[in-house]
Amino acid sequence: MDLKVIEPIRNYIKEFNSPVEFNLWYAKHKDEVDALTTHKLNKMYKIDNYRITKIKGELMLKVDRKVKEEVINAETHDDITELRNEIKNIKDTLNKLIEYVNSKTSEQ
């Protein structure tokens, strides 16, 4: 009896730059793609910033977790920078108010 040796997929068979590009290809190869597991599909095909998934038997693309985390980190960084600027403006305004009040009290 001969055993089959299954080697890992080391290179993508095909790479796509967008979901639209993948969708056009998928329309032509639907039957063969639907027969494979999503794990194998993600090893064979690469769609920039997306992963292949099946929900209730329907093939879908979802944003890759790493990309989603990068977007969240960038948005959080922008929010933090904006908050720091607002705090600086509040401090400057308070200091001006304090200076004004001090100058008025010293005039009396």
Side-chain angles (χ1 to χ4, degrees):
M1 179 167 111
D2 291 328
L3 291 176
K4 293 182 181 180
V5 177
I6 301 172
E7 293 189 30
I9 300 166
R10 299 189 198 295
N11 298 317
Y12 296 112
I13 293 173
K14 188 154 180 64
E15 293 187 37
F16 304 93
N17 295 320
S18 70
V20 173
E21 188 179 330
F22 175 77
N23 197 36
L24 292 171
W25 178 87
Y26 174 62
K28 295 177 184 175
H29 300 89
K30 185 175 179 4
D31 292 335
E32 65 189 68
V33 170
D34 286 344
L36 300 172
T37 65
T38 57
H39 180 77
K40 188 164 186 175
L41 290 171
N42 282 303
K43 295 285 185 186
M44 295 170 62
Y45 306 107
K46 180 179 185 313
I47 302 111
D48 286 346
N49 304 324
Y50 291 88
R51 304 237 347 119
I52 300 170
T53 188
K54 282 184 185 177
I55 298 176
K56 296 183 181 177
E58 185 179 349
L59 197 73
M60 299 179 186
L61 298 180
K62 70 177 181 178
V63 176
D64 193 350
R65 184 179 340 146
K66 293 175 190 171
V67 173
K68 188 185 278 187
E69 287 173 2
E70 288 173 10
V71 168
I72 289 170
N73 288 339
E75 289 173 353
T76 303
H77 177 72
D78 292 344
D79 290 345
I80 289 171
T81 302
E82 187 177 331
L83 286 172
R84 284 184 177 149
N85 289 335
E86 287 180 23
I87 290 170
K88 183 183 179 302
N89 290 337
I90 291 169
K91 284 180 177 179
D92 290 343
T93 303
L94 277 174
N95 285 332
K96 287 177 184 175
L97 285 170
I98 291 169
E99 286 177 19
Y100 177 77
V101 168
N102 286 341
S103 70
K104 291 297 180 185
T105 56
S106 64
E107 289 177 4
Q108 295 176 351

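Just so it is clear, the values below take in all heavy atoms, side chains as well, and ignore hydrogens, waters and symmetry mates.
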About how many Å separate NZ of Lys4 and CG of Asp2, when rounded to the nearest 0.5 Å?
-> 10.5 Å
Identify the two heavy atoms, one from Glu15 and one from Glu21, that lie closest to each other, and give their separation to 0.1 Å.
-> O-OE2, 3.9 Å
Between Ile52 and the options Leu41, Thr37, Leu36, the side chain to side chain contact (heavy atoms under 4.5 Å, CB included) test singles out Leu41
Atom NZ of Lys30 and atom CG of Asn23: how far apart are they, to the nearest 0.5 Å?
-> 10.5 Å
Check the surroundings of atom NZ in Lys40: do more than 12 heavy atoms from other residues, nucleotides or ligands lie under 6.0 Å from it?
-> no
Nearest 0.5 Å, what's the CG-CG distance between Asn102 and Leu97?
-> 11.0 Å
Please check if atom CD in Glu32 has more than 12 non-hydrogen atoms from other residues, nucleotides or ligands closer than 6.0 Å.
-> yes
In one Ile/Leu/Val/Met/Phe/Trp/Tyr side-chain cluster, 4.5 Å: Ile13, Ile47 | yes
Supply the atom-to-atom distance Glu58 CD to Thr53 OG1, rounded to the nearest 0.5 angstrom.
-> 11.0 Å
ILVMFWY network linking Tyr26 to Val63, side-chain heavy atoms under 4.5 angstrom = yes
Rounding to 0.5 Å, atoms CG (Leu61) and OG (Ser18) come to a distance of 10.0 Å
Among the clusters formed by ILVMFWY side chains lying less than 4.5 Å apart, do Met60 and Met44 turn up in the same one?
-> no
Can we say Lys88 and Asp92 salt-bridge, meaning some charged N sits less than 4.0 Å from an Asp/Glu carboxylate O?
-> yes
Electrostatic pair Lys46:Asp48 at N-O distance under 4.0 angstrom = yes
Is a donor on one side and an acceptor on the other found under 3.5 Å between the side chain of Lys14 and the backbone of Phe22?
-> no
Do other residues, nucleotides or ligands put more than 12 heavy atoms under 6.0 Å from Asn85 CG?
-> yes
Give, for atom CG of Asn42 and atom CZ of Arg51, the distance between the pair rounded to the nearest 0.5 Å.
-> 4.0 Å
